[in-house]
Amino acid sequence: MNDNQVIETYLKKVQEMLNDLSLGIDPNELVKAKQLILEAEKHGKRVHVTGIGKPGHVAGYIASLLSSTGTPAYFLDGTEAVHGSSGQVCQGDVVIAISNSGETQELQATVETLRRNHAKIISVTGGKVSWLAKNGDVFLYAGVHEEGDSLNKPPRASILAEVLVLQALSILLQEEKSLTPDQYVKWHPGGSLGKSILEQKHGKS
């Protein structure tokens, strides 16, 4: 295939897989995850997001997204957690744990440590019968049947699936908290995004 065909094939595959995922997402589980977080916040508890490898980068993004939309969240390094960083997670805190397979040994060790510390776990994985799915308080399905490229190993479509599902959760939380542009710009005053809100507020074009 030429370059254009490679790109077109990938984009078509990803579109098909994300369409399939959207049909497989259980809104009830997303609501349970939202309620788990809201209940924790009501008691002064916090939200943390963790993952190993590429899902670790997703965790950083989701922690930032949640924080900017009314749900303070903290990135928890999935590897460092078993070397002392789990101390940032207190009893009753909620941890969103992300893994495509749900079988990653390092993340298993982290989740086991966090559960012993009496944290609540929201599992995000494409493995419906995986260890992670079975060991979470809430399970959010984020599965695709392939990554979209000929090698089918580097995380591509699976990363998009994890992001999509957790963005949906962030929207539920944002709507629950009735976030306004004035509140949002307090946390995001910089860049063109912050500038556009401030200009609207002051009636500038």
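Nothing fancy with the numbering, it's 1 onward along the sequence. These figures come from a predicted structure and were not determined experimentally.
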query: Are the side chain of Lys177 and the backbone of Gly70 linked by a donor-acceptor contact shorter than 3.5 Å?
result: yes

- prompt: To the nearest 0.5 Å, what is the distance between CG (Leu65) and OG (Ser170)?
  reply: 4.0 Å

Any donor-acceptor N/O pair, Ser158 side chain to Pro155 backbone, under 3.5 Å: no

query: Does the side chain of Leu114 come within less than 4.5 Å of Ile121's, by heavy atoms?
result: yes

task: Apply salt bridge (charged side-chain N to carboxylate O under 4.0 Å, His left out) to Arg115 and Glu112, showing your working.
output: CA-CA 5 Å; Arg115 288 186 68 84; Glu112 287 173 344; over 6 Å; no

- line: In terms of heavy-atom contacts, Leu107 and Ala97 come closest through CD2-CB, 4.4 Å

Sequence neighbours left out, cut at 3.5 Å: what donor-acceptor pairs do the side chains of residues 15-34 make with other protein atoms?
residue : atom : partner : partner atom : Å
Asn19   : ND2  : Gln15   : O            : 3.2
Ser22   : OG   : Asn19   : O            : 2.6
Asp26   : OD1  : Asn28   : N            : 2.9
Glu29   : OE2  : Lys32   : NZ           : 3.1
Lys34   : NZ   : Glu176  : OE1          : 3.0

message: When you measure from the side chain of Arg156 to the backbone of Val14, do you find a donor-acceptor pair of N or O atoms at a distance under 3.5 Å?
response: no

task: Please report the shortest heavy-atom distance between Asp149 and Pro154, naming the atom on each side.
output: OD2-CD, 4.0 Å

- prompt: Is there a donor-acceptor pair closer than 3.5 Å between any side-chain N or O of Thr110 and the backbone N or O of Gly78?
  reply: yes

- request: Could you grab the distance from atom OG1 of Thr50 to atom CD1 of Ile52, nearest 0.5 Å is fine?
  value: 6.0 Å

Residue pair Ile96 / His48, side-chain heavy-atom distance below 4.5 Å: no

query: Is there a path from Tyr141 to Leu164 through hydrophobic residues (I, L, V, M, F, W, Y) whose side chains come within less than 4.5 Å of each other?
result: yes

query: Should we say atom NZ of Lys54 is surrounded by more than 12 heavy atoms from elsewhere, each under 6.0 Å from it?
result: no

- prompt: Any donor-acceptor pair under 3.5 Å linking the side chain of Thr71 with the backbone of Leu66?
  reply: no

Throw together a table of side-chain donor-acceptor distances under 3.5 angstrom for residues 125-133, partners on residues two or more places apart or in other chains.
residue : atom : partner : partner atom : Å
Thr125  : OG1  : Ser99   : O            : 2.7
Thr125  : OG1  : Asn100  : O            : 3.0
Thr125  : OG1  : Gly102  : N            : 3.3
Thr125  : OG1  : Gly127  : N            : 3.0
Ser130  : OG   : Gly127  : O            : 2.7
Ser130  : OG   : Ala133  : N            : 3.2

field: Distance (rounded to the nearest 0.5 Å) between Glu8 CD and Asp3 CG
entry: 11.0 Å

query: Do any N or O atoms from the side chain of Arg46 and from the backbone of Gln88 form a donor-acceptor pair under 3.5 angstrom?
result: yes

message: For the backbone of Ala63 and the side chain of Ser67, can you confirm whether one donor and one acceptor N or O come within less than 3.5 Å of each other?
response: yes

- prompt: Only one of Ile62, Ile171, Ile122 forms a side chain to side chain contact (heavy atoms under 4.5 Å, CB included) with Leu166, so which one is it?
  reply: Ile62

query: Does the distance from a Lys or Arg side-chain N to an Asp or Glu carboxylate O, for Lys120 and Asp93, drop under 4.0 Å?
result: no

query: Any chain of hydrophobic side-chain contacts (each under 4.5 Å) joining Val165 to Leu172?
result: yes

task: List the steps and the verdict of side chain to side chain contact (heavy atoms under 4.5 Å, CB included) for Leu38 and Leu173.
output: CA-CA 8 Å; Leu38 293 174; Leu173 289 163; 4.0 Å; yes

statement: Closest heavy-atom pair, Ala161 versus Ala142, reported as atoms and distance to 0.1 Å, is CB-O, 3.7 Å

- prompt: Any donor and acceptor pair, going by atom type alone, linking the side chain of Asn117 with main-chain N or O of Ala119 inside 3.5 Å?
  reply: no

query: At their closest point, which heavy atom of Ala59 faces which heavy atom of Gly51, and how far apart are they?
result: CB-N, 4.1 Å

- prompt: Quick one: do Ile98 and Val47 end up in the same hydrophobic cluster if we chain Ile, Leu, Val, Met, Phe, Trp and Tyr together by side-chain heavy atoms under 4.5 Å apart?
  reply: yes

- prompt: Does Glu162 reach the side chain of Tyr61, with side-chain heavy atoms less than 4.5 Å apart?
  reply: no

message: Would a single hydrophobic cluster contain both Leu140 and Val111, if residues Ile, Leu, Val, Met, Phe, Trp and Tyr are joined by side-chain heavy-atom contacts under 4.5 Å?
response: no

query: Any sub-3.5 Å donor-acceptor pair from Gln5's side-chain atoms to Asn2's backbone N or O?
result: yes

query: Roughly how far, to the nearest 0.5 Å, is NZ of Lys12 from CD1 of Ile7?
result: 16.0 Å

- line: Nearest heavy-atom contact between Pro72 and Glu41 is CD-OE2, 3.9 Å

- prompt: So which heavy atom on Gly136 is nearest to which on Ser123, and how close?
  reply: CA-OG, 3.2 Å

ILVMFWY cluster, Leu169 and Val94 together (side-chain gap under 4.5 Å): yes

task: Taking Ser64 for its side chain and Gly60 for its backbone only, find out whether a donor-acceptor pair lies under 3.5 Å.
output: no

message: I'd like to check the side chain to side chain contact (heavy atoms under 4.5 Å, CB included) partners of Asn152; sequence neighbours left out, ordered by chain and number.
response: Glu146, Glu147

